[in-house]
Chemist: 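Handing you a structure now.
Note on naming: letters A, B, ... go to the chains in the order of the sequence lines (proteins, then strands), and numbering restarts at 1 for each one.
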Amino acid sequence: MASLAKDAIKPVILWFRRDLRLDDNQALNAAHLSGRPIIPLYINEPASAGTGPLGAAQAWWLHHSLEALDRSLHERQGRLVLASGEALEVLRAVIKKSGAKAVFWNRRYDPSGISVDTHIKQELEKQAIEARSFGGQLLHEPSRLMTGSGTPYRVYTPFWRALEGAGEAEPPLEAPAKLRLASQRPASETLKSWKLLPTKPDWAKDFTDLWTPGEQGARERLSAFVEEELKGYKENRDYPAKPATSMLSPHLALGEISPARIWDATRGLSNRVPAADIVHFRKEIAWREFSYHLLFHFPRLASENWNDRFDGFKWRYDDGDFEAWRRGMTGYPIVDAGMRQLWRHGWMHNRVRMIVASFLIKDLMIDWRDGEAWFRDTLVDADPANNAASWQWVAGSGADASPFFRIFNPMLQGETFDPDGDYVRAHVPELQRLGVKYIHRPFEAPKSALDEAGIILGQTYPKPIVDHASARDRALAAYKATKDAA
DNA sequence: TAATTCTTTGT
DNA sequence: CAAAGAATT
């Protein structure tokens with residue numbers, strides 16, 4: 001009789017996507033509370049499914065994150081089921097095999113995620129399968145925060161005020177201590193067979209020392225940040241040589257931690273941490289939220305100029321310059337340090353992201369979409385909303401964007417934000433012995449200073465691929481031309 | 001969340 | 001005639 005009663009409860013499929021956590025997971029919580037046995041499933045969808053290609057750096061992360069998720073499910077007497085193929089086909093197969101009558105998941109907000117989800121929901125409901133989606137990937141649903149006239153926000157500051165005024169969100173949910181899993185577990189593919197790890201193993205060598213993928217790593221990083229770095233964040237966050245930022249972005253990108261959990265961790269600290277530091281950190285979380293808000297309401301943000309005036313801009317297509325930028329061989333130390341940090345660590349400090357992006361778009365006049373694609377492939381935190389919105393912000397084509405004529409001077413940016421040159425020296429070893437005076441402008445150093453530092457410009461370190469002052473004039477002239485044409 | 005050039009101000 | 005401030009890109 002007991003087994004009969006048990007079998008009468010049909011399992012629920014818990015479909016994991018970019019929400020690889022048990023903590024504050026609304027779909028998991030609902031599945032747990034439903035009392036049905038759970039089948040935790042991750043689907044490796046083909047890029048053609050509209051999910052966009054997975055970058056190589058993030059593929060590395062995903063591999064380790066899925067391992068971590070499987071481990072924590074195992075601690076709760078569960079195992080993650082891995083399957084590849086079109087999501088709907090995989091779900092149908094698992095439903096058939098397991099007798100599941102329900103599929104729960106947390107919503108995505110990028111254009112392809114939305115369309116895949118909508119389609120799947122319709123198809124499953126046709127089959128009388130309960131398909132329920134949940135929030136939690138964002139602090140608020142993008143349709144909830146709207147201007148007084150009912151339109152989406154296009155400017156960050158009013159958006160931030162609305163977010164502040166929206167009141168505290170629901171407190172984050174704790175992970176269920178124990179899960180009830182379906183007795184009939186469908187066969188799983190092996191993670192190894194997905195070949196997510198890079199074929200050149202030495203590429204990701206430094207990733208292992210720097211990062212701990214998985215939700216436990218995310219929670220530890222959050223605690224360490226709140227304990228050690230949040231105090232002084234406002235002041236220190238702009239200096240890339242300092243360990244001052246949260247480095248939570250890759251954890252957020254794959255949903256190993258929820259924004260509500262992060263928000264909650266910065267509550268009740270006012271006697272230890274100045275309010276200004278907390279506000280500035282929360283404002284960065286709000287930028288992510290704003291990027292998703294924009295992408296949700298303006299899906300073309302992902303690949304087209306949000307402001308179509310830029311459609312007529314005459315981009316240059318110079319493979320040599322693009323290659324020099326990607327490899328960190330532009331001859332501008334702060335740019336090269338950033339691009340090499342990206343390659344080595346799968347991550348770049350935010351201040352430096354703005355500098356290298358400005359350099360690609362304005363000094364080299366290369367299309368922001370080429371930069372965006374490179375970041376997507378090399379960043380462990382590649383995120384469809386943040387990446388596109390931020391590149392358009394620098395390009396001047398985005399919503400509430402930096403004006404095109406705001407052109408970063410790589411020497412001044414370096415001198416202001418890396419005043420001792422420590423960041424450059426950490427990532428550009430050939431400039432190791434150059435003194436602080438010329439570390440951001442080696443091309444202006446006298447021969448004696450270069451000799452002393454063992455540098456031969458054009459041999460041990462490149463000469464600048466463009467002259468910044470004339471590149472600036474060229475960019476402004478090109479911008480003026482598109483403006484006049486419009 | 002800039003940089004540069006032009007203009008005014010204080011000594 | 002520096003330095004601060006405004007305007008311009």
Chemist: Taking atom P of dT9(C) as reference, at what distance in whole Å does atom NZ of Lys480(A) sit?
Modeler: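 The distance from NZ of Lys480(A) to P of dT9(C) comes to 9 Å, rounded to the nearest Å.
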
Chemist: Rounding to an integer number of Å, can you tell me how far Tyr479(A) OH sits from dT8(C) P?
Modeler: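 Whole-Å distance recorded here is 16 Å.
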
Chemist: For dA2(B), does either OP1 or OP2 sit under 4.0 Å from a side-chain N or O belonging to Asn409(A)?
Modeler: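 No, outside the criterion.
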
Chemist: Whole angstrom is fine here: how far is it from NZ in Lys362(A) over to C1' in dA3(B)?
Modeler: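 Rounded to whole Å, this separation is 11 Å.
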
Chemist: To the side chain of Arg351(A), which of dT1(B), dA3(B), dT9(C) is closest?
Modeler: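 Nearest nucleotide to the side chain: dT1(B).
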
Chemist: To the nearest Å, how far apart are Arg472(A) CZ and dA3(B) P?
Modeler: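 Going from Arg472(A) (CZ) to dA3(B) (P), I get 9 Å.
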
Chemist: Are the aromatic ring centres of Trp343(A) and Trp203(A) under 6.0 angstrom apart?
Modeler: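 Ring centroids of Trp343(A) and Trp203(A) are less than 6.0 Å from each other.
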
Chemist: In this structure, how many angstroms lie between the C1' atom of dT8(C) and the CZ atom of Phe404(A), rounded?
Modeler: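 Distance check: Phe404(A) CZ to dT8(C) C1' gives 16 Å.
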
Chemist: Using whole Å, what does the distance between atom C1' of nucleotide dA3(B) and atom CZ of Phe359(A) come to?
Modeler: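 To the nearest whole Å, that distance equals 16 Å.
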
Chemist: Look at the aromatic rings of Trp347(A) and His349(A) and report parallel, tilted or perpendicular, splitting at 30° and 60°.
Modeler: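 Rings of Trp347(A) and His349(A): perpendicular, over 60°.
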
Chemist: Using the ring centroid of each side chain, check whether Tyr423(A) and Tyr239(A) are separated by less than 6.0 Å.
Modeler: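 No, the ring centres sit 6.0 Å or more apart.
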
Chemist: Can you see whether Arg18(A) engages Gln58(A) through a side-chain donor-acceptor pair at a distance of less than 3.5 angstrom?
Modeler: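 Yes.
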
Chemist: What's the closest nucleotide to the side chain of Trp393(A) if the choices are dT1(B), dA3(B), dT9(C)?
Modeler: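 Nearest nucleotide to the side chain: dT1(B).
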
Chemist: For dA3(B), does either OP1 or OP2 sit under 4.0 Å from a side-chain N or O belonging to Gln413(A)?
Modeler: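 For dA3(B), OP1/OP2 do have a side-chain N/O of Gln413(A) under 4.0 Å.
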
Chemist: Choose from dT4(B), dT9(C), dT1(B) the nucleotide whose nearest atom is closest to any side-chain atom of Leu476(A).
Modeler: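 For the Leu476(A) side chain, the nearest candidate turns out to be dT9(C).
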
Chemist: Among dT1(B), dT9(C), dA3(B), find the nucleotide with the atom closest to the side chain of Trp287(A).
Modeler: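 Looking only at heavy atoms from C-beta outward on Trp287(A), the closest nucleotide is dT1(B).
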
Chemist: Specify the separation, in whole Å, of atom CZ of Arg406(A) and atom P of dA2(B).
Modeler: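 Nearest whole value for this atom pair: 6 Å.
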
